[in-house]
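Values reported hereafter were calculated over all heavy atoms of this structure, with side chains retained and with hydrogens, waters and symmetry mates removed. Reminder, nothing fancy here: chain letters follow the sequence lines and each chain counts from 1.
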Protein chains: 2
Amino acid sequence: MEARPTYDEKLLRILRESAAIFAAKGYHRASIRDISAATDVSLSGLYYYFKSKEELLFLIQDHCFGTLHHRLDEELEGNTDPVARLRIFVRNHLRFFLSNQAEMKVLSHEADVLTGEHRAAVQKRKRAYAAAAETILTELGPPGGVEPRSATFALFGMMNWIYTWHRPDVDPDADRLAEQMTHLFLHGYRTPIAEGVETLPERSGGGRGDAPSIWRTD
Amino acid sequence: MEARPTYDEKLLRILRESAAIFAAKGYHRASIRDISAATDVSLSGLYYYFKSKEELLFLIQDHCFGTLHHRLDEELEGNTDPVARLRIFVRNHLRFFLSNQAEMKVLSHEADVLTGEHRAAVQKRKRAYAAAAETILTELGPPGGVEPRSATFALFGMMNWIYTWHRPDVDPDADRLAEQMTHLFLHGYRTPIAEGVETLPERSGGGRGDAPSIWRTD
DNA sequence: TTCCCGATCGAACGCTCGTCCGGTACTCCC
DNA sequence: GGGAGTACCGGACGAGCGTTCGATCGGGAA
């Protein structure tokens with residue numbers, strides 16, 4: 001005999017299924033009716049668990065971000081070597097990303113959908129997480145040539161872009177990817193830029209402005 | 001006396017304004033009525049320029065990708081040094097991205113909205129562009145440790161993530177960013193991974209599975 | 001048994017959406 | 001002047017959306 005699920009269990013199941021649907025169709029194109037069908041909960045029955053579609057998105061994002069950051073703190077605990085800490089950070093991020101692809105896609109892809117207090121709450125989480133990342137980078141010492149802010153976002157770009165290309169059957173798992181990305185980042189970050197060698201001469205006589213718009217009229 | 005715009009000029013204007021609106025609100029949330037208001041063309045009048053909302057998105061993406069790739073070929077022409085070619089590739093991509101942020105955001109963010117032939121046509125463009133990138137990376141010689149496929153996407157991730165963070169008033173311009181990202185990528189890509197030094201010991205006795213789901217039930 | 005309350009549902013409301021139809025100026029050519 | 005064709009518009013249609021309302025069901029308390 002199967003025990004009836006508690007309120008919390010059922011809410012978590014709804015959040016999980018909703019995340020999968022938002023990830024597949026996108027937040028705006030996914031309808032509450034889709035979620036109703038996937039969860040076998042009636043349309044109106046769902047509103048017992050959240051007040052609005054936006055709150056549903058918020059619950060997913062908030063829980064996801066909170067868990068990600070919480071795990072990071074656990075993993076970092078007691079570790080003081082700067083390089084090891086960077087490695088742990090990347091590994092934690094990628095493990096979490098690949099184990100919760102739907103949720104993390106929703107987090108990355110629907111980042112600017114929320115409004116008002118929901119938006120503020122998620123952005124607070126995001127800032128705290130980014131600050132943790134920045135601290136870790138600062139501990140590495142001064143960079144060799146790239147600016148810390150650009151470098152931080154370059155690292156996040158590498159990691160967060162994953163959901164657009166990673167296929168579990170052919171691509172490396174999270175731990176191997178973490179090794180590779182840490183390696184990729186670390187060497188470039190600490191190696192100084194060789195003056196004069198690494199810049200490209202301007203293309204001569206192109207005649208076009210340096211920031212041409214796409215909308216050519218030829 | 002202002003000359004009346006031609007058909008093509010007006011279409012391009014509509015595409016430009018639409019791209020800005022899609023970038024700001026997202027494809028699904030932006031309505032044809034929004035575009036009508038922004039362009040001062042009536043709702044039905046717009047359908048003289050495209051057959052459906054999806055075709056409008058296609059026209060933007062197709063034109064954008066086509067121009068990006070076309071520019072790349074122009075810039076690469078006559079240049080044979082592998083490192084210089086990589087540098088040109090990154091610079092071209094970033095220049096284009098920052099000069100056409102709205103269009104490139106639409107390209108990145110609404111990548112899997114199109115269906116049928118529209119989707120196929122854009123994916124063909126994307127594959128051709130990615131192939132060009134892969135060729136450039138191959139010319140660099142064998143990587144030092146990271147896999148070429150992961151490395152390629154890591155590079156694209158760095159570059160394509162830009163639209164989420166770049167602020168023209170505080171961040172470096174396209175050319176400086178290109179220098180930095182090329183540097184970042186190149187050193188990591190060619191430096192071998194030091195055996196045994198760069199791997200992290202498993203966390204001892206964590207007791208949790210290695211790919212824990214977010215949806216803890218505690 | 002009766003009452004209450006958390007959990008759930010069917011049916012509807014008001015709204016916005018993409019798209020289409022019929023019509024109308026305007027311009028050029030005969 | 002008359003016909004053709006390009007450019008454009010007002011207004012509507014049907015579908016789908018998020019949300020709400022009143023009713024119902026089942027189990028523990030009195």
Write out a two-atom table: protein N or O, nucleotide N or O from nucleotides 25-28 of chain D, distance below 3.5 Å.
none

Scan the side chains in residues 127-135 of chain B for donor-acceptor partners under 3.5 Å anywhere in the protein, sequence neighbours excluded, and list what turns up.
{"residue": "B/Tyr129", "atom": "OH", "partner": "B/His93", "partner atom": "ND1", "Å": "2.7"}
{"residue": "B/Thr135", "atom": "OG1", "partner": "B/Ala131", "partner atom": "O", "Å": "2.9"}

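- In this structure, the side-chain hydrogen bond (donor to acceptor under 3.5 Å, both in side chains) partners of B/Ser31, at least two apart in sequence or on a different chain, are B/Asp34.
- Applying the 4.0 Å criterion to OP1 and OP2 of C/dT8, one finds that A/Tyr49 has a side-chain N or O inside that range.
- Rounding to whole angstrom units, CD1 of residue B/Ile35 and P of D/dC9 are separated by 15 Å.
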Scan the side chains in residues 147-159 of chain B for donor-acceptor partners under 3.5 Å anywhere in the protein, sequence neighbours excluded, and list what turns up.
{"residue": "B/Glu147", "atom": "OE2", "partner": "A/Gln180", "partner atom": "NE2", "Å": "3.0"}
{"residue": "B/Arg149", "atom": "NE", "partner": "A/Asp171", "partner atom": "OD1", "Å": "2.7"}
{"residue": "B/Arg149", "atom": "NE", "partner": "A/Asp171", "partner atom": "OD2", "Å": "3.4"}
{"residue": "B/Arg149", "atom": "NH2", "partner": "A/Trp165", "partner atom": "O", "Å": "3.1"}
{"residue": "B/Arg149", "atom": "NH2", "partner": "A/Asp171", "partner atom": "OD2", "Å": "2.8"}
{"residue": "B/Thr152", "atom": "OG1", "partner": "B/Pro148", "partner atom": "O", "Å": "2.7"}

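- Going from atom NE2 of A/His70 over to atom CZ of A/Phe65 covers 15.5 Å, rounded to the nearest 0.5 Å.
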B/S/- along nucleotides 14-25 of chain C (protein heavy atoms under 4.0 Å) is ---BBBBB----
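- Classification of the B/Tyr189-B/Phe185 ring pair by plane angle, with boundaries at 30° and 60°, yields parallel.
- Residues passing the side-chain hydrogen bond (donor to acceptor under 3.5 Å, both in side chains) test with B/Tyr27, sequence neighbours excluded: none.
- In this structure, B/Leu11 places its CG atom 15 Å from C1' of D/dC8, rounding to the nearest Å.
- Neither side chain, B/Glu179 nor B/His183, offers a donor N or O lying under 3.5 Å from an acceptor on the other.
- A salt bridge links B/Asp112 with A/Lys105: the distance from a Lys NZ or Arg NE/NH1/NH2 to an Asp or Glu carboxylate oxygen falls below 4.0 Å.
- Here the P atom of nucleotide D/dG18 and the CD1 atom of A/Ile21 are 12 Å apart, to the nearest Å.
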